[in-house]
Trainee: 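One structure, pasted below without further comment.
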Protein chains: 2
Amino acid sequence: MDNAQLLKGILEGCVLAVIEKGETYGYEILGELEKAGLEDIGEGTLYPVLTRLDKNKLIQCRRAKSPLGPIRKYYSITQEGAEYLGDFRERYRRISKSADILLYDNSSEMEENENG
Amino acid sequence: MDNAQLLKGILEGCVLAVIEKGETYGYEILGELEKAGLEDIGEGTLYPVLTRLDKNKLIQCRRAKSPLGPIRKYYSITQEGAEYLGDFRERYRRISKSADILLYDNSSEMEENENG
DNA sequence: CACACCTACTTGGCTTTGTCAAGTAGCATT
DNA sequence: AATGCTACTTGACAAAGCCAAGTAGGTGTG
């Protein structure tokens with residue numbers, strides 16, 4: 001099936017979240033996404049995301065030699081990126097809550113806020 | 001902010017899920033989406049979804065007079081649509097699980113099978 | 001009847017973003 | 001030098017949501 005549309009917009013936040021955990025580079029991010037279950041992300045999908053994020057100042061880039069291949073571009077999150085990610089998490093949460101209601105008819109009672 | 005990308009692909013499934021609950025028409029679906037928290041969906045967004053769903057035989061259409069306006073197009077889900085929706089739910093679940101892991105670092109332990 | 005105002009659906013052009021396929025390039029092994 | 005890994009780039013494309021404007025039936029007011 002076609003997950004492309006379901007991925008839209010989500011991927012960006014996921015990539016940003018991976019970078020937030022620590023400086024990393026494209027190929028490694030691909031591995032992280034795969035580990036989390038996003039297995040069909042190709043390089044031609046990821047790299048444009050990285051470029052866009054960089055262009056929008058949400059991440060920053062540093063070039064460094066790899067111990068076993070060509071130069072890597074190491075990315076780290078910026079202040080602006082961290083803020084954007086916070087905002088993204090909130091928007092994602094809200095939308096997925098709506099989707100849960102509509103898709104599963106959960107009235108969202110079963111949340112993790114058991115501490116009132 | 002721009003929720004357009006986050007909505008992509010999700011909306012289709014949500015609309016289908018609303019129709020699955022019972023025959024309904026565009027304007028009413030808009031209300032259901034709003035009730036669930038999807039408040040910014042305009043007519044120009046919803047109707048093309050309905051058209052597409054119909055074209056793909058996932059829903060079927062019946063015209064009937066409205067008690068207070070122009071003709072309504074009542075939609076109901078087809079067998080094919082129900083199957084598609086089941087598949088959609090699974091794909092959505094999988095992707096949102098991945099997103100949860102990446103976004104919140106939930107290792108997906110907190111599932112609803114606590115009786116395991 | 002003319003007009004305004006709801007309800008209800010339609011359409012065209014635009015933008016964003018993921019996908020595929022092919023390409024460039026450094027380094028190690030043979 | 002040829003192969004094959006790692007690593008990043010690029011161009012053409014398609015899907016789907018968004019906005020704005022348009023069409024049309026019905027009711028109430030004068």
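Atoms considered below: every heavy atom in the structure, side chains included; atoms not considered: hydrogens, waters and symmetry mates. Just so it is clear, the model here is predicted, and its values are computed rather than measured. Letters go in sequence order (proteins before strands), and every chain restarts at 1.
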Trainee: Rounded off to whole Å, could you give me the CD-to-P distance for the A:Glu43 and C:dT24 pair?
Mentor: 15 Å
Trainee: For B:Ile10 and C:dT17, what is the distance between atoms CD1 and C1' respectively, to the nearest whole Å?
Mentor: 14 Å
Trainee: Distance check needed: C:dG18 C1' versus B:Leu6 CG, whole Å only.
Mentor: 14 Å
Trainee: Tell me whether B:Arg62 contacts the main-chain N or O of B:Tyr75 through its side chain, where contact means a donor paired with an acceptor under 3.5 Å.
Mentor: no
Trainee: Figure out the CG/C1' separation between A:Asp40 and C:dG18, and round it to whole Å.
Mentor: 12 Å
Trainee: With nearest nucleotide decided by heavy atoms, which residue, B:Thr45 or A:Tyr74, maps closer to the 5′ end of DNA chain D?
Mentor: A:Tyr74
Trainee: Could you tell me whether A:Ser66 contacts a base, only the sugar-phosphate backbone, or nothing, with contacts defined as non-hydrogen atoms closer than 4.0 Å?
Mentor: sugar-phosphate
Trainee: Using only side-chain N and O atoms of A:Tyr47, determine if any of them is under 4.0 Å from OP1 or OP2 of D:dT9.
Mentor: no
Trainee: Quick check on D:dG17: is either OP1 or OP2 less than 4.0 Å from any side-chain nitrogen or oxygen of B:Arg52?
Mentor: yes
Trainee: From C-beta outward on A:Pro48, which listed nucleotide comes closest to its side chain: C:dT16, D:dA7, D:dT10?
Mentor: D:dT10
Trainee: Between atom CZ in B:Arg72 and atom C1' in C:dC9, what is the gap in whole Å?
Mentor: 12 Å
Trainee: Salt bridge check, B:Glu28 against B:Arg72: does any charged N sit closer than 4.0 Å to a carboxylate O?
Mentor: no
Trainee: Can a salt bridge be assigned to the pair A:Arg89 and A:Glu20 using a cut-off of 4.0 Å between side-chain N and carboxylate O?
Mentor: yes
Trainee: Looking at B:Ser76 and B:Glu23, would you say the former's side chain and the latter's main chain have a donor-acceptor pair under 3.5 Å?
Mentor: no
Trainee: Between atom CG in B:Leu46 and atom P in D:dC18, what is the gap in whole Å?
Mentor: 10 Å
Trainee: By the 4.0 Å heavy-atom rule, please label B:Ile71 as base, sugar-phosphate, or nothing.
Mentor: sugar-phosphate
Trainee: Can you figure out which of C:dT7, D:dA7, C:dC9 approaches the side chain of B:Tyr25 most closely?
Mentor: C:dC9
Trainee: Relative to the 5' end of DNA chain C, which residue comes earlier, A:Ile41 or A:Gly69, by the nucleotide with the nearest heavy atom?
Mentor: A:Ile41
Trainee: Distance check needed: C:dC6 P versus B:Leu30 CG, whole Å only.
Mentor: 17 Å
Trainee: Which is more 5' along DNA chain D, the nucleotide nearest A:Thr51 or the one nearest A:Pro70? Just name the residue.
Mentor: A:Pro70
Trainee: How many whole angstroms separate atom NZ of A:Lys73 from atom C1' of D:dT6?
Mentor: 16 Å
Trainee: Check every atom of D:dC8, D:dA14, D:dG17 against the side chain of A:Tyr27 and return the nucleotide holding the closest atom.
Mentor: D:dC8
Trainee: Any idea which of D:dT9, C:dT19, C:dT17 is nearest the A:Ala4 side chain?
Mentor: C:dT19
Trainee: Just compare C:dT17, D:dG17, C:dC27 and give me whichever is closest to any side-chain atom of B:Gln5.
Mentor: C:dT17
Trainee: Would you say the side-chain atoms of B:Ser96 pair up with the backbone N or O of B:Tyr92, donor to acceptor, closer than 3.5 Å?
Mentor: yes
Trainee: Answer yes or no for B:Arg93 and A:Tyr104: cation-pi contact, defined as NZ/CZ to six-membered ring centre under 6.0 Å and angle to ring axis within 45°.
Mentor: yes
Trainee: Give A:Gly42 one of three labels, base, sugar-phosphate or nothing, depending on what nucleic acid heavy atoms sit under 4.0 Å from its own.
Mentor: nothing
